[in-house]
Amino acid sequence: MSHTQSPAAPLRHFLQFNDFTHDEILYVLERARLIKDKFKRYQPHHTLHDRTLAMVFEKASTRTRVSFEAGMYQMGGSVIHLTTGDSQLGRSEPIEDTARVVSRMVDLVMIRTFEQTRIERFAAHSRVPVINGLTNEFHPCQILADIFTFIEHLGPIEGKTVAWIGDGNNMSYTWLQAAEMLGFTLHISTPAGYELEPERIGTPPERVLRVFTDPMEACKGAHLVTTDVWTSMGYEEENEARRKAFADWCVDEEMMAVADPKAIFMHCLPAHRGEEVTGDVIDGPQSVVWDEAENRMHVQKALMEFLLLGKRSG
């Protein structure tokens, strides 16, 4: 436990979406609503006064850095920004030793890195909560923001349908965890060779996961259509092969037309118009991507507060 961590909040990490219970996720989402409301009304919310967040980046970032950094300052705390270029992270020091040292000096750590095992090794030797800001396997803060955005626009997500079009990547695996926990159905359509790995997902029931070879079929009746870049960070050498394989998985107006009439479109950004989504869709009336991007900050503020202070009222 850090020098300032509340005794009411036992040490917890958020390394993947299902590290929290159903009720804890709902609490964080509701708390984010209150925190966002206060932010919009210029009311201070300094529950993390005198707390320090260390942000560790082994992968580049725009939204993750800005949302965590701005959010922590808005909560009254301070931030230290570390990259492999300006620390021992990319050099000779074992990540376990980095965790032991850094966690004695700060109250909270956010890491954006490659393999999930790296963040798990760090967390296993940390005295303070660790948050997954993105790994190759999972992106839980983004899905938290996406679900918060869905609720803002369409109400409860339970019983609804989310269509994932594109790569079987960290986002899709995290959507699957959320579907299992929160009671909605995930439709997934990926090109051959880019599917979710059976050994990682087991055999989820059809009410949780339905897999489609045709992306148009996956979009039918969906309340949310969402996608991501075809080539995630770390896979750039596959770029040309992926562009060919994914050519029919560009979310366009035809796909949105077969979705639910009130359907919304999301993308975790950065987006490549004309590749995974057309400009008409991402810049069109059904797109909520800018709300989604802003909401990273609000849900992460609620997440950091929960990890450090536990459940609060007011």
Are the side chain of [X] and the backbone of [Y] linked by a donor-acceptor contact shorter than 3.5 Å?
{"X": "Y194", "Y": "W230", "result": "no"}
{"X": "R112", "Y": "N132", "result": "no"}
{"X": "E276", "Y": "T227", "result": "no"}
{"X": "E292", "Y": "M266", "result": "no"}
{"X": "T185", "Y": "R207", "result": "yes"}
{"X": "S287", "Y": "G284", "result": "no"}
{"X": "D19", "Y": "Q16", "result": "yes"}

Look at [X] together with [Y] and state whether they make a salt bridge at an N to O cut-off of under 4.0 Å.
{"X": "K36", "Y": "E152", "answer": "yes"}
{"X": "E217", "Y": "K220", "answer": "yes"}
{"X": "R41", "Y": "D37", "answer": "yes"}
{"X": "E24", "Y": "R12", "answer": "yes"}
{"X": "K40", "Y": "E294", "answer": "yes"}
{"X": "K160", "Y": "D260", "answer": "no"}

* Asked: Is the number of heavy atoms from other residues, nucleotides or ligands under 6.0 Å of R243 CZ greater than 12?
  ->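 Open: at most 12 neighbouring heavy atoms sit under 6.0 Å from CZ of R243.
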* Within a radius of less than 6.0 Å around CD of E158, do more than 12 heavy atoms belonging to other residues, nucleotides or ligands occur? ->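 Not more than 12 within 6.0 Å, no.
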If every non-hydrogen atom of [X] is compared with every non-hydrogen atom of [Y], which pair is closest and at what distance?
{"X": "S78", "Y": "M72", "value": "O-CG, 3.6 Å"}
{"X": "F138", "Y": "L15", "value": "CB-O, 4.4 Å"}
{"X": "V130", "Y": "A123", "value": "CG2-CA, 3.9 Å"}
{"X": "V102", "Y": "A54", "value": "CG1-CB, 4.0 Å"}
{"X": "H267", "Y": "I282", "value": "CB-CD1, 4.5 Å"}
{"X": "D107", "Y": "L308", "value": "O-CD2, 3.2 Å"}

Do [X] and [Y] have side chains that get closer than 4.5 Å, going by heavy atoms?
{"X": "L134", "Y": "K59", "value": "yes"}
{"X": "T231", "Y": "V229", "value": "no"}
{"X": "M110", "Y": "T64", "value": "yes"}
{"X": "L154", "Y": "K262", "value": "yes"}
{"X": "V281", "Y": "Q286", "value": "no"}
{"X": "V28", "Y": "R31", "value": "no"}
{"X": "N18", "Y": "E180", "value": "no"}
{"X": "L182", "Y": "L26", "value": "yes"}

If you measure from [atom1] on [X] to [atom2] on [Y], what distance do you get to the nearest 0.5 Å?
{"X": "R100", "Y": "F122", "atom1": "CZ", "atom2": "CZ", "result": "11.0 Å"}
{"X": "D23", "Y": "E30", "atom1": "CG", "atom2": "CD", "result": "13.0 Å"}
{"X": "T149", "Y": "N295", "atom1": "OG1", "atom2": "CG", "result": "3.5 Å"}
{"X": "F39", "Y": "L34", "atom1": "CZ", "atom2": "CG", "result": "14.0 Å"}
{"X": "Q142", "Y": "Q300", "atom1": "CD", "atom2": "CD", "result": "8.5 Å"}
{"X": "Q74", "Y": "E69", "atom1": "CD", "atom2": "CD", "result": "11.0 Å"}

* To do: Decide yes or no on side-chain contact (heavy atoms from CB on, under 4.5 Å) for R312 and T47, but give the supporting numbers first.
  => CA-CA 10 Å; R312 294 173 65 87; T47 53; 3.7 Å; yes
Same apolar cluster: [X] and [Y], side chain cutoff 4.5 Å:
{"X": "I157", "Y": "L209", "result": "yes"}
{"X": "V288", "Y": "I143", "result": "yes"}
{"X": "I80", "Y": "I111", "result": "yes"}
{"X": "W290", "Y": "F265", "result": "yes"}
{"X": "L108", "Y": "F14", "result": "yes"}

Let me have the donor-acceptor pairs involving side chains of residues 163-171, under 3.5 Å, with sequence neighbours excluded, atom names and distances please.
{"residue": "W164", "atom": "NE1", "partner": "D167", "partner atom": "O", "Å": "2.7"}
{"residue": "D167", "atom": "OD2", "partner": "R242", "partner atom": "NH1", "Å": "3.0"}
{"residue": "N169", "atom": "OD1", "partner": "M171", "partner atom": "N", "Å": "3.1"}
{"residue": "N169", "atom": "OD1", "partner": "S172", "partner atom": "N", "Å": "3.3"}
{"residue": "N169", "atom": "ND2", "partner": "D228", "partner atom": "OD2", "Å": "3.0"}
{"residue": "N170", "atom": "ND2", "partner": "T135", "partner atom": "O", "Å": "2.8"}

Strictly by modelled atom types, are [X] and [Y] linked by a side-chain donor-acceptor pair under 3.5 Å?
{"X": "D252", "Y": "T278", "answer": "no"}
{"X": "T98", "Y": "E93", "answer": "yes"}
{"X": "H153", "Y": "D291", "answer": "yes"}
{"X": "E120", "Y": "H13", "answer": "no"}
{"X": "E195", "Y": "T190", "answer": "no"}

* Any chance you could lay out the side-chain contact (heavy atoms from CB on, under 4.5 Å) test for L303 and C141, step after step, and finish with the verdict? => CA-CA 9 Å; L303 172 65; C141 291; 3.8 Å; yes
* Asked: Does the side-chain contact (heavy atoms from CB on, under 4.5 Å) test come out yes or no for R200 and Y173, once each step is laid out?
  -> CA-CA 9 Å; R200 279 188 63 188; Y173 284 105; 3.2 Å; yes
* Asked: Can the ring centres of F306 and Y27 be said to be less than 6.0 Å apart?
  ->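 Here the rings of Y27 and F306 have centres that are less than 6.0 Å from each other.
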* To do: Verify side-chain contact (heavy atoms from CB on, under 4.5 Å) between I25 and L144, making sure each step is shown before the conclusion.
  => CA-CA 8 Å; I25 291 288; L144 205 55; 4.0 Å; yes
* To do: Give a yes/no verdict on a cation-pi contact between R33 and F148, requiring under 6.0 Å between NZ or CZ and the six-membered ring centre and an angle within 45° of the axis.
  =>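 Judged by the rule (NZ or CZ under 6.0 Å from the ring centre, within 45° of its axis), R33 is not positioned above F148.
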* Asked: Mind checking whether H187 and F212 have parallel, tilted or perpendicular rings, split at 30° and 60°?
  ->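 Judged by the thresholds at 30° and 60°, the geometry between H187 and F212 is tilted.
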* To do: Please state whether the rings of H223 and F150 are parallel, tilted or perpendicular, taking 30° and 60° as the class boundaries.
  =>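 It falls in the perpendicular class, over 60°.
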* **side-chain contact (heavy atoms from CB on, under 4.5 Å), paired with L186, selected from V208, V162, V211, L224** =>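 The side-chain contact (heavy atoms from CB on, under 4.5 Å) with L186 is passed solely by V162 among V208, V162, V211, L224.
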* Residue that, paired with R51, satisfies side-chain contact (heavy atoms from CB on, under 4.5 Å) out of V128, L309, V106 ->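 Output: one option passes, namely L309.
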* Can you tell me which residue pairs pass the ring-ring contact (aromatic ring centres under 6.0 Å, His included) test with a partner in residues 62-84, sequence neighbours excluded? =>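 Every ring-ring contact (aromatic ring centres under 6.0 Å, His included) pair that includes a residue of residues 62-84, provided the two are not neighbours, is F57-H81.
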